[in-house]
Protein chains: 2
Amino acid sequence: MRIGQLARSVGVDTQTIRFYEREGLLPPPDRQDNGYRIYTERHVERLAFIRRCRILELSLAEIHELQRYQGAPHQPCRAINTLLDDHIAQVRSQITDLQVLEKQLVSLRASCNDDREIEACGVLEGLSEGSMQ
Amino acid sequence: MRIGQLARSVGVDTQTIRFYEREGLLPPPDRQDNGYRIYTERHVERLAFIRRCRILELSLAEIHELQRYQGAPHQPCRAINTLLDDHIAQVRSQITDLQVLEKQLVSLRASCNDDREIEACGVLEGLSEGSMQ
DNA sequence: TAAAACCATATAGCCACTATAAGGTCAATA
DNA sequence: TATTGACCTTATAGTGGCTATATGGTTTTA
């Protein structure tokens with residue numbers, strides 16, 4: 001199949017597919033005489049794998065690492081679990097950071113009601129004075 | 001004061017200060033004969049304002065907007081409150097997205113214990129098969 | 001006087017794409 | 001047959017908010 005069909009079947013832009021190839025995440029496919037890329041079912045699977053990882057917000061580097069593991073099927077899989085644990089920890093720390101942020105924002109917002117003049121806006125005051133952290 | 005002292009007093013890199021100037025967030029300061037930038041107390045306040053906004057993860061565009069409002073002190077401040085409300089909504093939606101993500105990751109992680117071979121790794125299986133969404 | 005610390009500009013890199021430009025290929029239609 | 005439209009190709013620049021590097025001039029300190 002050609003790049004457009006691959007793109008449609010996985011739900012990705014053709015540019016993204018070429019980008020993954022340049023980044024070494026997708027193996028370079030054979031070419032037709034006219035230079036068009038020809039993909040196989042393997043490429044579909046490989047691309048779908050990448051997309052599933054990306055949905056989970058794994059970085060391209062992490063995906064690369066996972067692909068290396070796939071090439072050594074008889075190694076122990078602890079490294080994979082560790083990779084995932086680290087990623088989970090990262091997501092959790094993002095969540096708590098954002099929760100702190102949300103509280104700060106809500107408290108700042110509470111310092112103003114609408115319909116003041118900008119001069120007297122509690123939000124702008126809160127941002128202008130150093131009483132923040 | 002020169003750029004280094006400004007940087008130290010606000011806790012920012014000198015490069016960042018020049019970057020803000022290029023982006024139009026900090027007004028271009030006067031220069032000494034040798035070309036060195038000379039900053040005033042106003043610049044300190046302006047830069048501190050920017051940093052407080054950045055800590056709250058307001059974008060440079062949003063900060064720009066706030067600065068425009070500061071220039072019109074007798075306008076009503078509703079636009080500022082709205083800007084903040086939108087930002088809070090955005091943060092909240094990030095949080096819920098990340099919470100969904102965390103659940104998916106934890107459930108994937110639960111499909112494997114350590115000490116299998118990669119071939120049999122539940123995590124890798126979960127990523128390889130389409131049973132994800 | 002020489003080294004260290006400071007200042008200047010310009011340019012590239014980060015991440016994971018996305019957009020744009022400029023052009024070649026192919027099948028179907030007027 | 002000519003042309004339209006859908007497809008493909010490469011190359012390059014842009015996104016955001018910095019950060020790093022290169023190269024060179026200036027000032028302060030030892």
Side-chain angles (χ1 to χ4, degrees), chain A residues 1-26 28-39 43 46-67 86-87 90-91 94 97-98 101, chain B residues 1-26 28-40 43 46-67 83 86-87 90-91 94 97-98 101:
Chain A
M1 84 187 58
R2 296 189 310 196
I3 198 168
Q5 198 185 335
L6 175 60
R8 255 169 275 122
S9 78
V10 179
V12 169
D13 195 289
T14 55
Q15 306 249 58
T16 303
I17 294 172
R18 294 190 197 99
F19 169 72
Y20 288 156
E21 181 181 331
R22 276 199 305 282
E23 297 294 306
L25 287 169
L26 264 185
D30 288 343
R31 301 280 186 135
Q32 287 176 347
D33 291 347
N34 56 18
Y36 289 12
R37 292 171 176 80
I38 319 167
Y39 293 98
H43 287 97
R46 188 94 171 242
L47 182 57
F49 177 83
I50 295 171
R51 291 315 294 183
R52 272 178 235 117
C53 291
R54 289 296 300 134
I55 285 167
L56 298 176
E57 304 222 351
L58 294 169
S59 69
L60 300 192
E62 287 169 326
I63 297 171
H64 223 91
E65 207 178 325
L66 289 175
Q67 289 184 342
D86 291 351
H87 188 61
Q90 209 182 300
V91 169
Q94 277 185 60
D97 287 355
L98 284 171
L101 182 60
Chain B
M1 83 187 60
R2 297 190 310 197
I3 198 169
Q5 198 185 333
L6 174 60
R8 255 170 274 122
S9 78
V10 179
V12 169
D13 195 290
T14 55
Q15 305 248 57
T16 303
I17 294 173
R18 293 191 197 99
F19 169 73
Y20 288 157
E21 182 181 330
R22 276 201 303 282
E23 296 295 305
L25 287 170
L26 264 185
D30 288 343
R31 302 281 185 134
Q32 287 178 345
D33 291 348
N34 55 18
Y36 288 13
R37 291 172 176 81
I38 320 168
Y39 293 98
T40 65
H43 287 97
R46 187 92 171 243
L47 182 56
F49 177 83
I50 295 170
R51 290 315 296 182
R52 271 178 234 117
C53 291
R54 289 295 301 135
I55 285 167
L56 298 176
E57 305 220 353
L58 295 169
S59 69
L60 300 192
E62 287 168 326
I63 297 170
H64 222 93
E65 208 177 328
L66 289 175
Q67 290 184 342
L83 188 155
D86 290 350
H87 188 60
Q90 209 181 301
V91 169
Q94 276 185 59
D97 288 355
L98 284 171
L101 182 59

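Just so we're on the same page: letters track the sequence lines, and every chain starts at 1.
A side-chain hydrogen bond (donor to acceptor under 3.5 Å, both in side chains) check over residues 10-22 of chain B, counting only residues at least two apart or in different chains, returns the pairs Y20(B)-R51(B), E21(B)-R37(B).
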Tell me, for nucleotides 12-22 of chain C in 5' to 3' order, what letter each nucleotide earns: B for a base near a protein heavy atom under 4.0 Å, S for only sugar-phosphate near one, - for neither? ----BBSBB--
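For N34(A), the CG atom is densely surrounded, since the number of other residues' heavy atoms within 6.0 Å is greater than 12.
Residue R37(A) is classed as a sugar-phosphate contact, given heavy-atom separations below 4.0 Å to backbone atoms only.
One end of the helix from dT1(C)-dA30(D) to dA30(C)-dT1(D) points its axis 30° away from the other end's axis, with each axis taken from 5 pairs and the angle rounded to 10°.
Judged as a side-chain contact (heavy atoms from CB on, under 4.5 Å), and not counting sequence neighbours, D33(A) has no contacts.
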Just list the side-chain donor-acceptor pairs under 3.5 Å for residues 53-67 of chain A, sequence neighbours left out, or say none.
{"unit_1": "R54(A)", "atom_1": "NH1", "unit_2": "L58(A)", "atom_2": "O", "d": "2.6"}
{"unit_1": "S59(A)", "atom_1": "OG", "unit_2": "A61(A)", "atom_2": "N", "d": "3.4"}
{"unit_1": "S59(A)", "atom_1": "OG", "unit_2": "E62(A)", "atom_2": "N", "d": "3.1"}
{"unit_1": "S59(A)", "atom_1": "OG", "unit_2": "E62(A)", "atom_2": "OE1", "d": "3.4"}
{"unit_1": "E62(A)", "atom_1": "OE1", "unit_2": "S59(A)", "atom_2": "N", "d": "2.8"}
{"unit_1": "E65(A)", "atom_1": "OE2", "unit_2": "Y69(A)", "atom_2": "OH", "d": "2.8"}
{"unit_1": "Q67(A)", "atom_1": "OE1", "unit_2": "R46(A)", "atom_2": "NH2", "d": "3.4"}
{"unit_1": "Q67(A)", "atom_1": "NE2", "unit_2": "L25(A)", "atom_2": "O", "d": "3.1"}

Can you tabulate the close N/O pairs, meaning under 3.5 Å, that link protein atoms to atoms of nucleotides 3-7 of chain D?
none

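Separating the CD atom of Q32(B) from the P atom of dT27(D) is a distance of 8 Å, rounded to the nearest angstrom. Atom P of nucleotide dG17(D) and atom CD of E23(B) are separated by 9 Å, given to the nearest angstrom. Atom CG in N34(B) sits roughly 14 Å away from atom C1' in dA5(C) (whole-Å rounding).
In this structure, the side chains of Y36(A) and I3(A) stay at 4.5 Å or more apart for every pair of heavy atoms.
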